[in-house]
Amino acid sequence: MGCREVQQKIDLLARQEVTSSERERIENHLASCETCRQSLKRLRDLEDVLAVLPTPPVPEGFAARVVVMAGQQAAPERSTEKLSSSTPNRMRLAAGTLAALAAGLLIGLFMGHETWRSGGQRSPVAAGQAVDLLAASGFESLVDPSGDSLAQSYLSLTMAADR
Amino acid sequence: MEQHASDETLMQAVAGGDLAAFEKLVLCHQESVWRTAYRMVNCRQSAEDIAQRAFLRVFEARKRYRPTAAFRTYLHRIVVRLCLDHLRKRHPVVTDDLVPVDDRSSPELRAIDREQAEAVQKAIGRLPSKQRTVIVLRYYEGLSGAEIAAAMETSPKAVERLLARGRKTLETRLGRFFSK
């Protein structure tokens, strides 16, 4: 065992925390190494010097204060436990409500989309009614009587103007 | 071992909400917890705060506590974490005056003791936080290398290295007080 290892284990030796084989190896090393013997002496001196530092007393009433705080901590925990026993039902109710709202929103969006898509494909009756309204408004020239798209009407107008 | 069994029995009772059992635990370990915190942070107010929080954490975790290690080690782990957190957040300045040394027969002896105690307090206070931790747990709380490793959540080898470095520094700073 080298000096470095002995130096690290010297503290354990002083406190009887080494195995018997380690103790034997350390003591064999110490028998022939003045440097490590001096290290062991310094360790013991250090322990004596450190022991001089006085120990301050525990603050008065410390335990009582801690127990009171623990008791205060325990009281809200007991209330929370009662509350949390109904939490699963509340969560289910909230989840159900959200699901219903989401479904309603989706249905609404779908219907709106369908309405938008079917906006250019009105029934002939509806189309005819729209044409009458246009005639009454004076914009009948914008409507092709054959019922074609507004684009066709525009083209008809522009071609007529070119002529 | 008997103390360990007793702590375990008390913790079981605490898990069931028994505050009287919790008080017994506090009374049994308050000195060690307080001393460790005080030596680490060198301020009575901060040390008391840390010590209180350590016990309250034990209480908060009472239902989750499992005796995988000795209760004392478990408690020291909490104290060490709180102390290291405190030191990380603040400068480790020595703020408290020394507690008066024991009364001796002569003023000269009291003066020598006081000078030595101040030097020790200052030297420990200047150690890096992890070296300070191992020195305090070793030389003031008497924890074994394995217990210190468990409290610091590190390896016994790392503890040995920290102890060796901490001792070397203290020997340099306090060597003048060693016996010739």
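First the proteins, then the strands, lettered A, B, ... as listed; each starts at 1.
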Answer yes or no: are there more than 12 heavy-atom neighbours, outside Lys130(B) itself, under 6.0 Å from its atom NZ?
no

Under a 4.5 Å cutoff for heavy-atom pairs, which residue among Gln116(B), Glu23(B), Arg165(B) has the most contacts with chain A?
Gln116(B)

Should Ile78(B) and Tyr65(B) be regarded as members of a common hydrophobic cluster, given that ILVMFWY residues are connected when their side-chain heavy atoms come within less than 4.5 Å of each other, either directly or indirectly?
yes

Pick one of side chain, backbone, both or neither for Arg35(B), based on which atoms fall under 4.5 Å of a heavy atom in chain A.
side chain

Single-linkage hydrophobic cluster Leu27(B)~Val14(B), side-chain heavy atoms < 4.5 angstrom:
no

Which of the residues Ser144(B), Gly145(B), Gly142(B) is involved in the greatest number of heavy-atom pairs with chain A at under 4.5 angstrom?
Ser144(B)

Could you measure the distance from the CZ atom of Arg167(B) to the OG atom of Ser39(A)? Nearest 0.5 Å is fine.
8.0 Å

Count the heavy atoms belonging to other residues, nucleotides or ligands that lie under 6.0 Å from CD of Glu31(B), then report whether that count exceeds 12.
no

Just give me the residue among Ala164(B), Ala47(B), Ala51(B) that pairs up with chain A most often, heavy atom to heavy atom, under 4.5 Å.
Ala51(B)

Less than 4.5 Å to any heavy atom of chain B: does that hold for the side chain of Leu43(A), its backbone, both, or neither?
both

From CG (Leu174(B)) to CZ (Arg42(A)), nearest 0.5 Å:
13.0 Å

Mind ranking Arg39(B), Arg53(B), Glu160(B) by heavy-atom pairs under 4.5 Å with chain A and telling me who comes out on top?
Arg39(B)

Non-hydrogen atoms of chain A under 4.5 Å away: do they reach the side chain of Leu56(B), the backbone, both or neither?
both

Residue from Lys157(B), Arg161(B), Arg138(B) scoring the most non-hydrogen pairs under 4.5 Å with chain A is Arg138(B)

Which of the residues Leu19(B), Ile124(B), Ile135(B) is involved in the greatest number of heavy-atom pairs with chain A at under 4.5 angstrom?
Leu19(B)

As an exercise, state the distance from CZ of Phe177(B) to CG of Asp45(A), rounded to the nearest 0.5 Å.
13.0 Å

Considering all heavy atoms of both residues, which atom of Phe22(B) and which atom of Ala70(A) are nearest to each other, and what is their separation?
CE2-CB, 3.6 Å

In terms of heavy-atom contacts, does CD of Glu27(A) have more than 12 from other residues, nucleotides or ligands at under 6.0 Å?
yes

Output for pair (Leu53(A) CG, Tyr140(B) OH), nearest 0.5 Å, gives 4.5 Å

Residue-level interface, residues 59-69 of chain A with chain B, non-hydrogen cut-off under 4.5 Å:
Pro59(A), Phe62(A), Ala63(A), Arg65(A), Val66(A), Val67(A), Met69(A)

